[in-house]
Amino acid sequence: MENLKTLLYSHGINLKKAYGQNFLTDQTLLEDIVNQSGIDKDTTVLEIGPGAGALTGELCKKAKKVIAYEIDQRLKPLLAQTVGGYSNLEIVFKDVMKEKLNVLEQKLGDNYLLVANLPYYITTPIVMNFLENSKKLNSLVIMVQKEVAQRFCAPPKTTDYGAITVAINLRGKAKIIKQVPREMFTPPPNVDSAVVKIDIDRKKLESVDLDKVREVVKIAFSSRRKMLVNNLMNAYKLARTDAETLLINSNVSLTARAEELTSEQYITLSENLKK
Ligand code: SAM
């Protein structure tokens, strides 16, 4: 791609902070992200926010098909110039948050991959929407703020481990595949970033009452410094002995706090609560 600043200037585009427009240009980094995504010629990719098309072009070289959603209509002529030549690319100029998942997935087939250098203001809603509602997504490969990446991948019994970590672990496994310092973006944001890969295991949740697990996780982390037994007593109006029996039957320590339970323990606890 020709120099990004020249390209933006020639199309009269000033980048918008409100859309999280911090673009990547480093070819080695872009190739590395695509290589580590596990894309091959049979893969369909959903890209959110192609921007100037740097990552999009690399995705098109490797994937069977790329469908990209871009909110900023001003980028239309620029993207036509940078990636318009790829016959396996379709760009939809629309806010991805306003597209219904079933409409979006009609075009994506049964086993697709989501790749995005995400605008940070939509990271959590995007990740949660796809994790909780998609039955077709295989993996997400997303650039997020470094601290968010650490929360996604945190082991239990650490301060980074939270409700979102449990939500991810319920459906799959997250790992950081690349640290990306802020200087690699144009313009540089105020934070460092990391690329996270979340592989989804759809079988994991087949027989689980997800609403109930979600409810218990929310209650547990609502006062994460308090012992879980107290949070359960308050939320479900339980006597202490009943709450303690529940924990014992779920193989959870009586003094445990929210951050000590694995996602499997949250499932067992929610099942025992229903009994
Ligand atoms: N992929 C490009 C890259 O890596 O250089 C650009 C990434 S930039 C961090 C985020 C992109 O997402 C911008 O192009 C922005 O306009 C777009 N975007 C922001 N909000 C969006 C939304 N709700 N739906 C679709 N695209 C969005």
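Remember, it's 1-based here, ligands and their atoms both numbered in the order they're listed.
- Among the atoms of Leu118, none of the N or O lies under 3.5 angstrom from an N or O of ligand 1.
- Contacts of Lys94 with ligand 1, taken as heavy-atom pairs under 4.0 Å, involve the backbone alone.
- At the shortest separation from atom 12 (O) of ligand 1 among protein heavy atoms lies Gly49 CA, 3.1 Å.
- Numbered from 1 in the order shown, with element, the atoms of ligand 1 that lie under 4.0 Å from a heavy atom of Glu47 read 1 (N).
- Glu132 has a carboxylate O that lies under 4.0 Å from a charged side-chain N of Arg214, or vice versa, which qualifies the two as a salt bridge.
- Ligand 1 has no atom lying under 4.0 Å from any heavy atom of Lys98.
- With hydrogens left out, the protein atom closest to atom 26 (N) of ligand 1 is Ile71 N, 3.2 Å, a heavy atom.
- Residue nearest to atom 2 (C) of ligand 1, selected from Pro50, Pro119, Ala68: Pro50 (by heavy-atom distance).
- For atom 24 (N) of ligand 1, the nearest protein heavy atom (residue, atom name, distance) is Val96 N, 3.0 Å.
- Using a 4.0 Å cut-off to heavy atoms of Gln21, the atoms of ligand 1 that qualify are 13 (C), 15 (C), 16 (O).
- Counting protein heavy atoms only, atom 5 (O) of ligand 1 is closest to Leu24 N, 2.8 Å.
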Practice task
Go through the steps for Glu244 and Arg240 under the test side-chain contact (heavy atoms from CB on, under 4.5 Å), then give the verdict.
Solution key: CA-CA 6 Å; Glu244 287 182 347; Arg240 179 167 295 275; 3.6 Å; yes

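- Note: no N/O pair closer than 3.5 Å links Ala54 and ligand 1 by distance alone.
- Geometrically, ligand 1 and Phe23 share no nitrogen or oxygen pair separated by less than 3.5 Å.
- We find that Lys16 and Asp72 are not joined by a salt bridge, their nearest charged nitrogen and carboxylate oxygen being 4.0 Å or further apart.
- Taking a cutoff of 4.0 Å between a charged side-chain nitrogen and a carboxylate oxygen, Lys274 and Glu271 do not qualify as a salt bridge.
- A salt bridge links Lys178 with Asp32: the distance from a Lys NZ or Arg NE/NH1/NH2 to an Asp or Glu carboxylate oxygen falls below 4.0 Å.
- Below 3.5 Å of separation, one finds no N or O of Leu75 facing any N or O of ligand 1.
- You'll find the side chain of Tyr86 stays beyond 4.5 Å of the side chain of Val66, heavy atoms only.
- Proximity annotation for atom 20 (N) of ligand 1: of Tyr121, Tyr19, Phe93, Tyr120, Tyr121 comes nearest, heavy atoms only.
- Salt-bridge check for Asp192 with Arg182: passed, with a basic side-chain N closer than 4.0 Å to an acidic carboxylate O.
- Between Gly51 and Glu70, the shortest heavy-atom distance links the atoms N-OE1, 3.0 Å.
- Salt bridge annotation for Glu206-Lys203: absent, with no cationic side-chain nitrogen under 4.0 angstrom from a carboxylate oxygen.
- Of the listed residues (Glu99, Lys136, Lys94), just one forms a side chain to side chain contact (heavy atoms under 4.5 Å, CB included) with Leu104, and that residue is Glu99.
- Scanning the protein heavy atoms around atom 14 (O) of ligand 1, the nearest turns out to be Glu70 OE1, 2.8 Å.
- Ranked by closest heavy atom to atom 3 (C) of ligand 1, the top entry among Leu30, Ile122, Asn117, Asp26 is Asn117.
- Lys107 and Val92 make their closest contact through NZ-CG2, 3.6 Å (heavy atoms, listed as atom of the first residue, atom of the second, distance).
- Using a 4.0 Å cut-off between heavy atoms, Asn22 contacts ligand 1 through its backbone alone, with no side-chain atom that close.
- Every atom of ligand 1 with a heavy atom of Asp95 under 4.0 Å away is listed here by number and element: 22 (C), 23 (N), 24 (N).
- Remark: ligand 1 atoms within the under-4.0 Å shell around heavy atoms of Gly20 are 8 (S), 9 (C), 10 (C).
- Heavy-atom neighbours of Phe93 CZ from other residues, nucleotides or ligands within 6.0 Å: above the threshold of 12.
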